Amino acid sequence: MNFKKELAEILFEVLEGAISLHDLELLIEKPKNQAHGDLAFPVFRLAKIKRKSPNVIAQELREQIQSPTFEKVEVVGAYLNLFLNKKLVSEKVVNAIINKKNQFASQNIGNGSNVTIDMSSPNIAKPFSMGHLRSTVIGNAIALIIEKCGYKPIKINHLGDWGTQFGKLITAYKLWGDEEKVKQNPIKELLALYIKFHEEAESSPSLEDDGRAWFKKLEDGNEEALTLWQWFRDESLKEFSKIYQLMNVEFDSYAGEAFYNDKMDRVVQLLEEKQLLVESDQAQVVELLEEELPPCLIKKSDGATLYATRDLAAALYRKENYNFAKSLYVVGHEQSLHFKQLIAVLTKMGYDWAEKMVHVPFGMMLKDGKKMSTRKGKVVLLEEVLNESIAMARHNIEEKNPNLPNKDEVAKQVGVGAVIFHDLKNNRMNDIEFSLEEMLRFEGETGPYVQYTYARACSILRKGKWEAVVLDHAYSTSWEKEWKVISLLMEFSTAIKRASENFDPSQVAKYVVDLAQAFNKYYAEVKVLEESEEQKARLALVYSVTVVLKEGLRLLGVQAPEEM
RNA sequence: GUCCCGAUAGCUCAGCAGGAUAGAGCAACAGUUUCCUAAACUGUAGGUCGGAGGUUCGAAUCCUCUUCGGGACGCCA
């Protein structure tokens with residue numbers, strides 16, 4: 001159902017190859033102004049080749065385009081404006097959706113190949129902050145979108161469960177910790193200890209050395225260190241799983257940094273064999289001079305490993321176990337240097353698959369224009385935000401639809417949907433200033449707006465007793481009033497494809513808002529349930545919209561209640 | 001200092017494989033419910049697309065320079 005391609009092929013024939021098929025497809029555009037038709041072809045390029053005025057060329061072309069797909073071809077200046085045959089196209093689209101249901105717009109670009117997605121990755125013993133929300137939500141949406149395009153996503157929660165921070169935490173716990181208090185409120189207590197550590201370290205820098213020493217012990221298998229670490233980890237995971245359940249996110253693997261503890265020797269060995277390891281200030285590094293990057297630190301002067309070491313081990317492990325076609329890292333953009341180094345080192349090691357690794361960066365969640373810092377206790381907790389959002393949704397239901405049967409369930413879907421959608425609707429590179437007010441807005445370009453549109457459409461179908469039978473006959477409508485909605489329905493697969501290629505869920509979020517807006521306008525203009533011979537066609541349109549809105553929201557990780 | 005991002009309406013942002021008059025939402029103002037859920041819809045107002053050059057028939061979009069904001073730059077992750 002790609003009419004752009006169809007037009008390109010017609011033009012290619014007519015022009016006898018003056019412009020390649022590929023270029024033609026790029027030149028054909030979708031006019032912003034509906035009065036300019038559904039597709040347009042600017043002929044400037046031809047004017048140069050043919051040495052005729054653009055307007056003359058356009059006039060000539062108009063005569064030569066003969067296809068039932070286009071009901072009208074107009075020339076305006078140097079533009080060829082084409083109008084699709086509304087009846088033919090609309091019925092094609094609507095029937096395709098009725099037949100394929102949620103499989104509509106599914107594609108098989110990926111051919112079932114594996115794509116690993118490193119995402120979420122919260123730090124153990126720290127609260128799940130708004131910052132981690134972004135990686136979780138973006139990663140989850142990318143997984144769903146690429147799956148729709150025929151890839152097999154493998155979601156990996158690369159838990160931050162290893163590193164010097166645990167040495168610091170153990171130090172702090174041994175100095176000031178209270179077992180009972182930690183048991184009662186693990187995350188909160190551990191966070192308090194972590195903050196206290198950094199406060200105290202300001203005046204007594206030797207604490208930092210103690211922290212590093214404890215981490216070294218942990219890495220060397222010291223029993224006391226390991227027991228504490230295991231305890232912190234278990235408690236943290238319990239807390240995290242509550243949030244993941246709330247957001248409906250699941251993982252294929254929880255192999256975090258600690259998982260690679262026994263796999264790092266091999267990396268170091270490989271680097272040595274390839275003579276890439278250099279000593280520098282008692283530390284082991286890989287120089288990246290030709291790449292014009294700073295050196296990548298592999299081992300600290302005390303022999304302990306670093307972030308990069310673990311990520312190298314993880315990359316090797318993932319390649320060997322999942323044989324990925326692509327390996328994505330949904331991690332904040334402040335870490336882009338790290339990933340450049342990582343890929344550079346792997347390339348130096350001779351692994352050509354390093355080029356299949358992609359850092360998918362995103363902007364930061366800011367508070368008062370500044371980065372949030374766990375060390376200074378400047379965090380906003382995701383769980384609190386989600387709960388507030390759910391409460392707000394619940395309040396709205398009480399006000400607007402008090403007879404709704406499953407209020408709590410719907411409040412959860414709407415509240416959580418609002419938070420997720422708010423994160424996904426804009427380009428992921430934009431920094432987001434944290435604002436509860438913004439997040440809890442349920443009007444305009446928001447998740448609840450789209451959900452509400454879906455609920456209204458579902459309501460029409462219920463009352464209109466719509467049954468999705470496969471219809472092989474024509475509808476008695478001209479599809480004039482429906483056209484805006486139809487032309488958007490056609491674009492669903494394009495939006496998905498773009499989102500998948502650019503790892504950019506906001507393409508789908510924007511699409512779904514556009515469709516909801518178009519439908520709401522239609523809803524205000526046309527009374528579907530009024531008896532008319534056009535009703536069957538209109539119900540088919542409403543049904544099509546519900547299918548696409550629901551699927552679009554699903555691809556973002558947002559649920560769609562049928563009533564709200 | 002080097003590198004990476006960003007700058008479009010009062011606010012939050014679309015548009016950025018160059019195309020026809022730069023679009024939404026929020027906020028403001030004025031309206032719409034005997035009729036499919038008003039979490040909606042309609043209308044008014046709001047802009048030298050940070051600045052300066054360049055490429056082009058055509059630039060918010062591409063190139064160069066520049067200003068401002070954010071981030072990263074070896075023993076944190």
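Predicted model only: the values in this text are computed from it and were never measured. A, B, ... follow the sequence lines: proteins, then strands. Residue 1 opens every chain.
Comparing atom distances between the N426(A) side chain and each of C76(B), U12(B), G15(B) picks out U12(B) as nearest.
For the side-chain hydrogen bond (donor to acceptor under 3.5 Å, both in side chains) test, residues two or more places apart in sequence or in another chain that qualify with K30(A) are E491(A).
The residues K217(A) and D220(A) are annotated as not salt-bridged, no charged nitrogen and carboxylate oxygen being separated by less than 4.0 angstrom. K481(A) has no carboxylate O lying under 4.0 Å from a charged side-chain N of E534(A), or vice versa, which leaves the two without a salt bridge.
A heavy-atom distance below 4.5 Å is found between the side chains of I124(A) and F166(A).
Contacts between residues 408-424 of chain A and RNA chain B, defined by a heavy-atom separation under 4.0 Å, are made by V414(A).
With ring centers used as reference points, F362(A) lies 6.0 Å or more from H333(A). For an aromatic pair to be called close, the ring centres must be under 6.0 Å apart, and F339(A) with Y329(A) satisfies this.
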Close N or O pairs between protein and nucleotides 29-31 of chain B (under 3.5 Å):
none

Any protein N or O atoms within reach of nucleotides 45-49 of chain B? Criterion: under 3.5 Å, listing atom names and distances.
none

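Distances shown here put every side-chain N or O of Y307(A) at or beyond 4.0 Å from the OP1 or OP2 atom of A77(B).
The residue G160(A) sits apart from the nucleic acid: no heavy atom pair falls under 4.0 Å. Using a 4.0 Å heavy-atom criterion, one finds that E292(A) contacts no nucleic acid atom at all. Across all strands, K527(A) comes closer than 4.0 Å to base atoms (heavy-atom distances).
Remark: RNA chain B forms stems of 3 or more consecutive Watson-Crick or G-U wobble pairs, all pair distances under 3.5 Å, at B:1-7 with B:67-73, B:10-13 with B:23-26, B:28-32 with B:40-44, B:50-54 with B:62-66.
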Once each nucleotide of nucleotides 20-25 of chain B is scored for protein heavy atoms under 4.0 Å, what B/S/- sequence comes out, 5' to 3'?
BB--BS
